[in-house]
Amino acid sequence: MQHRVTRQPAGEQGGPHPDDAGLSAELVAVFAGARRRAVRDGDRQVDTAHLLHSLLEHDPEVRSAVGDTPQLARLLGYLVQRSIGYGLRWQGTVEDSGAIAVVPDPALYGAESREAGAWSPAAAAAMEAARRRARRRTGAPAGGSDLLAALVADPGSRAVEVLERAGIPARELRARIDGPEEEYAGDGVALR
């Protein structure tokens with residue numbers, strides 16, 4: 001059996017990316033892993049399910065927030081199946097849940113690029129929301145919990161679809177991440 005090897009564009013091979021600003025080193029690794037996964041799977045864009053999968057692989061705090069071992073195993077099973085069955089309907093399509101009206105500076109995230117490794121509008125919006133959440137909370141660079149909160153805030157995202165299919169309600173997960181001190185409007189925007 002021959003394995004397909006896809007060469008990454010020079011910008012994907014390492015070094016800082018414009019979209020890495022305001023992120024913890026761990027989250028930079030998560031984003032790089034999501035980009036590699038999208039390229040390897042032949043997906044046109046990095047979507048929120050790629051981000052969720054990479055986040056679960058890299059961040060033990062996020063894994064514990066998601067749930068117990070059976071829930072986590074079921075979720076990872078769905079994410080792994082994406083390239084061999086579940087999720088094939090997503091290939092060749094752009095993830096745009098419509099929940100976020102505008103993607104900040106789409107050229108920065110490659111949202112208009114047709115090359116694999118570009119960010120879907122929903123993934124780019126989640127990245128920006130994670131940065132805003134981190135600035136609002138501590139002023140520190142965004143970390144794994146910031147990205148997880150941003151991913152589950154978009155009810156129409158692929159990440160939320162996978163979570164829900166695995167039996168992990170996104171709304172309950174968001175409450176576990178944020179705790180009782182923050183209240184959210186229906187669109188995932190903090191009220192306080």
Side-chain angles (χ1 to χ4, degrees), residues 9 11-12 15-39 43-59 61-62 65-66 90 93-163 170-171 173-175 177-179 182-192:
E12 298 294 320
H17 289 77
D19 46 290
D20 292 345
L23 304 175
S24 66
E26 293 81 13
L27 212 49
V28 170
V30 166
F31 286 4
R35 283 191 288 267
R36 282 190 303 273
R37 183 173 299 287
V39 169
D43 292 333
R44 206 172 103 199
Q45 292 185 320
V46 180
D47 64 25
T48 58
H50 292 115
L51 287 172
L52 178 62
H53 196 164
S54 188
L55 188 58
L56 289 167
E57 289 177 333
H58 286 87
D59 194 322
E61 185 178 316
V62 166
V66 165
W90 293 336
T93 63
V94 174
E95 176 190 33
D96 184 10
S97 67
I100 310 296
V102 177
V103 175
D105 193 7
L108 179 66
Y109 300 105
E112 296 180 356
S113 170
R114 296 215 180 266
E115 288 185 33
W119 300 103
S120 74
M127 292 165 52
E128 194 57 37
R131 285 186 184 94
R132 282 192 313 269
R133 182 178 188 273
R135 281 192 303 265
R136 186 179 70 245
R137 282 185 323 102
T138 64
S145 64
D146 298 309
L147 180 58
L148 184 60
L151 290 173
V152 300
D154 182 353
S157 73
R158 291 175 181 172
V160 167
E161 181 180 340
V162 174
L163 284 163
R171 190 173 198 86
L173 181 54
R174 179 71 183 249
I177 297 164
D178 291 330
E182 289 197 35
E183 292 181 38
Y184 287 85
D187 58 1
V189 176
L191 294 172
R192 66 176 181 123

### Query
So, D146 and R137, do they make that salt bridge, N to O below 4.0 Å?
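Salt bridge flag = yes for R137 with D146.
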### Task
Flag the pair E128 and R133 as a salt bridge only when some basic side-chain nitrogen lies within less than 4.0 angstrom of an acidic carboxylate oxygen.
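The answer is no: the pair does not qualify as a salt bridge.
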Contact summary for [X] and [Y], nearest pair of heavy atoms:
X: A134; Y: A140; answer: CB-O, 3.3 Å
X: A65; Y: L173; answer: O-CD1, 3.2 Å
X: A126; Y: A150; answer: O-CB, 3.3 Å
X: V46; Y: A34; answer: CG1-CB, 3.8 Å

Can a donor-acceptor pair be found, under 3.5 Å and without considering hydrogens, that links the side chain of [X] to the backbone of [Y]?
X: H58; Y: S54; result: yes
X: R174; Y: A149; result: yes
X: S24; Y: P141; result: no

#### Entry: Residue pair T48, D154: steps toward the side-chain contact (heavy atoms from CB on, under 4.5 Å) verdict
CA-CA 10 Å; T48 58; D154 182 353; 5.7 Å; no
Decide yes or no for [X] and [Y]: does some side-chain heavy atom of the first lie under 4.5 Å from some side-chain heavy atom of the second?
X: V160; Y: L151; answer: no
X: V30; Y: D59; answer: no
X: Q45; Y: W119; answer: no
X: L56; Y: L52; answer: yes
X: L147; Y: L27; answer: yes

#### Entry: side-chain contact (heavy atoms from CB on, under 4.5 Å) partner of R158, the single match among L163, D47, L51
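Of the listed residues L163, D47, L51, the side-chain contact (heavy atoms from CB on, under 4.5 Å) partner of R158 is D47.
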